[in-house]
There are 2 protein chains.
Amino acid sequence: MNTDNTKSQMRKGMLEYCIMLLLRQQPCYANDIIQRLHEAEMIVMEGTLYPLLSRLKRDGLLGYEWRESTQGPPRKYYVLTDDGHKALAQLDASWEEIQRTVYFLKNEK
Amino acid sequence: MNTDNTKSQMRKGMLEYCIMLLLRQQPCYANDIIQRLHEAEMIVMEGTLYPLLSRLKRDGLLGYEWRESTQGPPRKYYVLTDDGHKALAQLDASWEEIQRTVYFLKNEK
DNA sequence: TTGAATACCTTGTATCGCAAGGTACTAACA
DNA sequence: TGTTAGTACCTTGCGATACAAGGTATTCAA
């Protein structure tokens with residue numbers, strides 16, 4: 001029974017959405033994101049996160065700024081761009097739709 | 001803005017779950033599944049569905065039986081096995097968890 | 001100057017959805 | 001009997017992406 005596999009599949013597609021939800025609240029750098037998603041019970045690896053952030057940046061949905069750290073090297077804080085906010089609004093709608101779909105499939109006669 | 005890509009990514013992981021939800025209601029063959037998921041606004045292609053059904057069958061979550069059709073060749077009706085029901089119960093829990101995660105990320109201060 | 005901690009990034013592998021194409025069975029009709 | 005249309009099942013090749021592992025760079029303290 002490979003439920004774990006399916007479960008991770010279910011979460012996979014949500015990653016991008018969840019990261020953008022996080023960034024809507026406030027700018028974050030990579031370790032922030034990993035930690036705060038972990039608090040929300042969404043596990044994400046470094047090797048997943050960095051390419052994903054780069055992709056969103058390349059697509060114009062994210063920007064970033066360097067900020068000094070009190071200890072250690074400077075950090076890349078990512079922020080949602082205007083296009084990012086628009087895209088996120090559409091993803092909110094997609095999320096609602098998926099919820100409706102599952103609700104429908106669970107309760108249909 | 002590649003929202004469509006992300007949107008389809010979000011739906012991807014849900015496919016397996018949605019198909020098992022459908023089969024919990026009643027046995028279906030491939031075209032049934034495609035059509036009924038379409039009614040629930042979840043699009044799935046043949047080339048996606050057949051390998052997925054084979055995988056679930058191989059993992060012991062689904063079984064099937066051949067049924068004659070009034071017109072055309074016989075159909076392979078898939079049904080949930082006992083293990084399938086157990087796995088689906090766990091996926092129900094995963095789904096609840098994902099909903100909580102998104103709710104948390106949307107409303108966190 | 002060396003080591004530890006932190007932060008960013010890349011490479012290789014496996015999985016999976018999808019488009020396109022292929023095979024097989026049935027029925028209707030010339 | 002052949003042929004065509006419709007239905008159903010399945011496979012192949014490709015692209016996208018999560019993840020594990022490994023690599024580079026900066027900072028600070030001993």
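The chains referred to below are lettered A, B, ... by the order of the sequence lines, with proteins before strands, and numbering in each begins at 1. Here the structure is a predicted model, which is why all the values come from computation and not from measurement.
- Candidate nucleotides D/dA18, C/dC8, C/dG17 were compared by shortest atom distance to the side chain of B/Thr48, and C/dG17 ranks first.
- Nearest-nucleotide positions on DNA chain C place A/Ser69 closer to the 5' end than the other of A/Ser69 and A/Gly47.
- Residue A/Lys12 is the one, among A/Thr70 and A/Lys12, whose nearest nucleotide of DNA chain D lies closer to the 5' end (criterion: closest heavy atom).
- Ionic pairing of B/Arg75 and B/Asp32 is not present here: no N-O contact between side-chain nitrogen and carboxylate oxygen is shorter than 4.0 angstrom.
- With DNA chain C read from its 5' end, the first of the two nearest nucleotides for B/Gln71 and B/Pro51 is the one closest to B/Pro51.
- Here C/dT15 presents its C1' atom at 13 Å from CG of B/Asp59, a figure rounded to the nearest Å.
- Here C/dT11 presents its P atom at 21 Å from CE of A/Met45, a figure rounded to the nearest Å.
- Between the CG atom of B/Leu53 and the P atom of C/dC16 there is a distance of 14 Å, rounded to whole Å.
- Counting atom types as modelled, A/Glu46 pairs no side-chain N or O with a base atom of D/dC19 as donor and acceptor under 3.5 Å.
- In this structure, A/His38 places its NE2 atom 14 Å from P of D/dC19, rounding to the nearest Å.
- Under the 6.0 Å distance and 45° angle rule, B/Lys76 counts as a cation-pi partner of B/Tyr64.
- With D/dA18, D/dA8, C/dC8 as the candidates, the nucleotide lying closest to the side chain of A/Arg75 is C/dC8.
- Side-chain proximity of B/Leu15 to the nucleotides C/dC18, D/dC9, D/dC19 is greatest for C/dC18.
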Show, in sequence, the C-alpha distance, side-chain angles and deciding distance for A/Leu91 and A/Leu21, and conclude whether the side chain to side chain contact (heavy atoms under 4.5 Å, CB included) test is met.
CA-CA 10 Å; A/Leu91 293 180; A/Leu21 282 178; over 6 Å; no
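- If you check D/dC10, C/dT10, C/dG17 against the side chain of B/Tyr50, the one that comes closest is D/dC10.
- Closest to the B/Arg55 side chain, of the nucleotides D/dC9, D/dA18, C/dC16, is C/dC16.
- D/dA16 atom P lies 20 Å from atom CE of B/Met10, rounded to whole Å.
- The CZ atom of A/Arg58 sits 12 Å away from the P atom of C/dT10 (whole-angstrom rounding).
- One can place CG of A/Asn31 at 12 Å from P of C/dC9, the figure rounded to the nearest angstrom.
- A/Arg36 CZ to A/Asn31 CG: the interatomic distance, rounded to the nearest 0.5 Å, is 13.5 Å.
- Once rounded to the nearest 0.5 Å, the distance linking CD of A/Glu16 with OG1 of A/Thr48 reads 12.0 Å.
- Nearest to the side chain of A/Pro73, among D/dA8, D/dA18, D/dT26, sits D/dT26.
- Looking at heavy-atom distances under 4.0 Å, A/Gln9 makes contact with sugar-phosphate atoms alone, never a base.
- Note: B/Arg24 CZ to B/Leu88 CG = 4.0 Å, rounded to the nearest 0.5 Å.
- Atoms CD (B/Glu16) and P (C/dC18) sit 13 Å apart, rounded to a whole Å.
- Listed nucleotides: D/dA8, D/dT26, C/dC16. Nearest to the side chain of A/Asn5: C/dC16.
- Along DNA chain D, the nucleotide nearest B/Pro74 and the nucleotide nearest A/Ile43 are compared for position; the residue whose nucleotide lies closer to the 5' end is B/Pro74.
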